[in-house]
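For reference, the structure is listed below as structure tokens.
Basis for what follows: all heavy atoms, side chains included, without hydrogens, waters or symmetry-related copies.
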Amino acid sequence: MELSLPESVKKYYWYLFPITMILMTLNAAFYGNELQYFGYYELEDLGRIIFILLIKAFESALITILLIWLYTKMKSGYKNP
């Protein structure tokens with residue numbers, strides 16, 4: 001079983017993903033995960049930052065695919081009255 005993305009997702013994914021990733025990461029850094037209260041002196045702190053960045057990358061990928069799907073559904077809905 002092969003899992004592949006439709007061409008519409010492949011076409012717009014890399015345009016939307018960096019914007020979504022930056023917004024999600026900024027939200028996590030300033031408001032969500034309280035990173036501003038932790039130090040950066042130990043290896044554990046670096047691991048925490050990498051873990052949060054990976055989680056935000058996965059969330060951003062999911063949100064990006066959902067936004068593209070929503071855009072294509074709305075676009076096809078307006079074409080076919």
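- How far CD1 of Ile49 is from OG1 of Thr25: 11.5 Å, rounded to the nearest 0.5 Å.
- A pairwise comparison of heavy atoms in Ser60 and Phe17 identifies CB-CE1, 3.7 Å as the closest pair.
- The structure places CZ of Arg48 at 10.5 Å from CG of Leu46, a figure rounded to the nearest 0.5 Å.
- Cluster annotation: Met24 is connected to Leu67 through the hydrophobic network of ILVMFWY side chains, with a link wherever side-chain heavy atoms come within less than 4.5 Å.
- To the nearest 0.5 Å, atom NZ of residue Lys75 and atom CD1 of residue Ile68 are 11.5 Å apart.
- Cluster annotation: Met21 is connected to Trp14 through the hydrophobic network of ILVMFWY side chains, with a link wherever side-chain heavy atoms come within less than 4.5 Å.
- Annotation: side chain to side chain contact (heavy atoms under 4.5 Å, CB included) contacts of Leu23 (sequence neighbours excluded): Ile19.
- With sequence neighbours excluded, the residues that form a side chain to side chain contact (heavy atoms under 4.5 Å, CB included) with Leu70 are Met74.
- Linking Ile, Leu, Val, Met, Phe, Trp and Tyr whenever their side-chain heavy atoms come within less than 4.5 Å puts Ile22 and Tyr31 in one cluster.
- For Ile65, the side chain to side chain contact (heavy atoms under 4.5 Å, CB included) partners are Leu5, Val9, Tyr13, not counting sequence neighbours.
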